[in-house]
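Working notes for the structure below.
Side chains are part of it too, since the values below use all heavy atoms of this structure and drop only hydrogens, waters and symmetry mates. Within every chain, numbering begins at 1; the chains are lettered A, B, ... in the order of the sequence lines, protein sequences first and strands thereafter. Note that the structure is predicted; figures quoted are calculated from it, not measured.
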Amino acid sequence: MRWSKTFIPTVREAPSEAEIISHKLMLRAGMIRMLSAGLYIYLPLGLRVIRKVENIIRGELNKKGGQELLMPILQPRELWEKSGRWNAEELGMLTVENRAGREFVLAPTHEEVITDLVRREIRSYKDLPKNFYQIQTKFRDELRPRFGLMRAKEFIMKDSYGFDVDEESAGKTYHGMEEAYRNIFKRCGLHTQVVEADPGAMGGGMSHEFMAVADVGEDVIVCCSKCGYAANKEAVAKNSSVKEGKPCPECGEPLETRHGIEVGQIFNLGTKYSKSMGAAFLDAGGEEKLCVMGCFGIGVTRTVSAVIEQNHDENGIIWPPGISPYRILILPVNITDAPSMDLMEKTYEKLLNSGMEVLLDDRDVRAGIKFKDADLIGIPLRITIGQEKAKSGIVEIKNRRTGEQIDCREEELIQKLGGEQWTLKK
RNA sequence: CGGGAUGUAGCGCAGCUUGGUUAGCGCGCUUGCUUCGGGAGCAAGAGGUCGGCGGUUCGAAUCCGCCCAUCCCGACCA
C-alpha cells in the first residue's frame, strides 16, 4: 500500500481528551477517531490491526473445533425475559423500541440467542459437543466510557459458546479454551496473567480472567513474579492470606500487587441457561438431559489497547509482528532522486510479490517527518532508501524494537528478511 | 448516577480575575521561493455562531442562570 493512497492522519499532539498512552498513540498514529464518548471510528490502519487480532483468534479457535457464525445484534425483549436477564442492571443493556412499541436490546452478549438456537436445533447427544463463536460489535451502556478503546460503549468482542453432554466434557472444553486463549494472547504479543474470577452476571461455576499486566489496568491482581501464581481482587477478598507481601501459596515468594487489563474471561456456566431456555437433548439411554454450557469472551478492541500499553516507547507504538498493520515500511528519503525511486519501486514490487504486507511512504514530505511517523505507527521493520547508498543498490533495514540496523543489497533483501535476526521475537 | 474540572480555528493553548475599537499565539492547511537523512526558513493567505440558550449591561469570550458536551475520581462494568 502506498501511504499517499491510504488514509493515515498522524498528528503531532494528541487531543486533550486522551489520558492514557494507548489512547494517545492510537489517535496520534491515525488509527482511530472519536465520534462521541465511548464511540470510535476505526480508521484503515486501526482496522488492519483489529483484523489481525481477529484472524489470530479464528485460527486458534478453529484448531479447537470452534465454528464461526454470526448472530443478530438486535434481539427481542421476550428472549431476555425468558432467561431472566431483561432487568440485569450489571449488563448495562441498551434498549430500543420500534415504531410499533416493541422492545429490543442491543446485545451486550449472546447466551440467550445461541441457547435458543441450540434448544430448537439440537436434540441428540450425537450432535454434541458444539463450540460456536462469533466476532462482532457489542453494546454496553457505559455510564462512564474511559480510556479510548479500553472501555467503550460499542466495542468488538469475540464470544464463544460451548455445549457439552456433561460436566466432564464441558471441563475439557473449558481447558481447551484456556489453552487457546493463552496462544492467542501470546501471538498478539501480550503478556497476560490468568486469574481465578467471580462469574458475576454470567452465573454458573468456575471462571478465569486473562489479565494483561499494565499500570493503567482497572483491575487489581495479586501475583507471584517467580512461579506465575495470580489471583484477582475477589479471590483476595475471600482469602486473607493472599495479599501483597504475604508468601505465595504455590512457592512461598512474597506476593506483589499489580494492575491488569481484563482482555478475556472464560466461564463454566453449567446448566444455568440451558435450564431457563430449555436446551435439552436425549442421551444414549433415551433420557432427557440439559446441555452443560460454557461461554468465553475476548475483548478484541481492548486487546489492541492493551498491546500498545505493553509495546511502545517514547517515540510511538512498537507492534508485535503478528498483529502489525504492515510488516514492513519502505521509507525513501528523497522522492525526487531518480536512482532512489527506481530502487524503491523495485524493492516494493519484490516485497509485494513475495507476499509481504508493505507500506510505502511515497509522500512528498521531508525525511524528518517520515522518520517520526515511522516510529509513531510502529511497523516492526523499516527499509530506508537513501540517495547515496541507492546509487549502489543498497538499502538499510532497521528494527523498530531493537533499533539495530544493517545495510543490504537489494538482491539479497528477501533472503535477509527471512533470516533469523529479522524474524522478531516477542 | 454522586463529586471535581474543562469547553476560544483541524490540534495544542493564551485572553476571562478588573466587561470596552477589528479575538490572539504555536502547530497543521493553501500558494511561492529557498531548503531537503530525524517533525526546516522566509513571505503571502484561508480558516472562528469564543459549546448552546437566556439574562444583566450603552456594550459580554469575559459577569449571572439553565442546558449540552468532553475529561478525571467514585459507584458500576468485556
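Between rA46(B) and rG38(B), the two P atoms lie 34 Å apart (nearest whole Å).
For rC66(B), the paired nucleotide is rG52(B), the pair qualifying as Watson-Crick or G-U wobble because both relevant distances are below 3.5 Å. Across all strands shown, rA40(B) forms a Watson-Crick or G-U wobble pair, both distances under 3.5 Å, with rU34(B). Remark: rA46(B) base-pairs with no nucleotide in the shown strands. Criterion, Watson-Crick or G-U wobble with two distances under 3.5 Å. A 3.5 Å limit on both hydrogen-bonding distances identifies no Watson-Crick or G-U partner for rC16(B). In this structure, rG74(B) forms a base pair with rC1(B), meeting either the Watson-Crick or the G-U wobble geometry with both donor-acceptor distances under 3.5 Å.
Relative to the six-membered ring of Tyr326(A), Arg48(A) meets both conditions, a distance below 6.0 Å and an angle of at most 45° to the axis.
Salt bridge status for Glu78(A) with Lys82(A): absent, with no side-chain N to carboxylate O gap under 4.0 Å. A salt bridge links Lys389(A) to Asp407(A): one of the charged nitrogens lies within less than 4.0 Å of a carboxylate oxygen. The existence of a salt bridge linking Glu154(A) and Arg140(A) is excluded, since no basic side-chain nitrogen approaches an acidic carboxylate oxygen closer than 4.0 Å. Looking at Glu357(A) and Lys52(A), a side-chain N of the basic residue comes within less than 4.0 Å of a carboxylate O on the acidic one, giving a salt bridge. Ion pair Arg85(A)/Glu111(A) flagged as a salt bridge, since at least one NZ, NE, NH1 or NH2 atom sits closer than 4.0 Å to an Asp/Glu carboxylate oxygen.
Of the residues near RNA chain B, Ala37(A) and Asn334(A), the one whose nearest nucleotide (by heavy atom distance) lies more toward the 5' end is Asn334(A). Comparing Gln265(A) and Ser16(A) along RNA chain B, the residue whose closest nucleotide (by nearest heavy atom) sits nearer the 5' end is Ser16(A).
Nearest to the side chain of Arg366(A), among rC72(B), rU35(B), rG38(B), sits rU35(B). The side chain of Arg146(A) lies closest to rG74(B) when the candidates are rG74(B), rC11(B), rG37(B). Each of rA78(B), rC11(B), rG37(B) was ranked by its minimum atom distance to the side chain of Pro15(A); first place goes to rC11(B). In the set rC71(B), rC13(B), rG39(B), the nucleotide with an atom closest to the side chain of Met34(A) is rC71(B). With rC1(B), rA78(B), rG37(B) as the choices, the nucleotide that has an atom nearest any side-chain atom of Glu142(A) turns out to be rA78(B).
Residue Glu154(A) is classed as having no contact, given no heavy-atom separation below 4.0 Å to the nucleic acid. As judged by a 4.0 angstrom heavy-atom cut-off over every strand, Phe147(A) is placed among residues touching the sugar-phosphate backbone only.
Arg144(A) has its CZ atom 11 Å from the C1' atom of rG3(B), to the nearest Å. As rounded to whole Å, 15 Å separates atom C1' of rC13(B) from atom CD of Glu17(A). The distance between atom CG of Asp219(A) and atom P of rG74(B), rounded to the nearest whole Å, is 12 Å. Summarising the geometry, the separation between CD on Glu218(A) and C1' on rC73(B) is reported as 12 Å, rounded to the nearest angstrom. In this structure, CG of Asp313(A) is placed 18 Å from P of rG38(B), rounded to the nearest angstrom. Atom pair Glu19(A):CD and rU6(B):C1' shows a separation of 13 Å (rounding to whole Å applied). Atom CG of Leu143(A) is separated from atom C1' of rG2(B) by 12 Å (rounded to the nearest Å). Phe155(A) places its CZ atom 8 Å from the P atom of rA78(B), with the value rounded to the nearest Å.
The distance from atom CE of Met206(A) to atom CD1 of Ile266(A), rounded to the nearest 0.5 Å, is 7.5 Å.
rG39(B) has no stacking from Phe371(A) on its base ring, since the centres under 5.5 angstrom apart and planes within 30 degrees of parallel are not both found.
The aromatic ring centres of Phe132(A) and His110(A) sit 6.0 Å or more apart.
Taking only distance into account, the side chain of Arg382(A) meets the base of rG38(B) through a donor-acceptor pair shorter than 3.5 Å. Within 3.5 Å, no donor on the side chain of Arg363(A) pairs with an acceptor on the base of rG39(B), nor the reverse. Residue Arg302(A) places a side-chain atom within donor-acceptor reach of the base of rA78(B), judged by atom type and a 3.5 Å distance cut-off alone.
At least one donor-acceptor pair under 3.5 Å links the side chain of Gln310(A) to the backbone N or O of His191(A).
Between Ser36(A) and the phosphate of rU70(B), there is a side-chain N or O to OP1/OP2 separation shorter than 4.0 Å.
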* **B/S/- contact track for nucleotides 25-33 of chain B, protein heavy atom under 4.0 Å** => -BSS-----
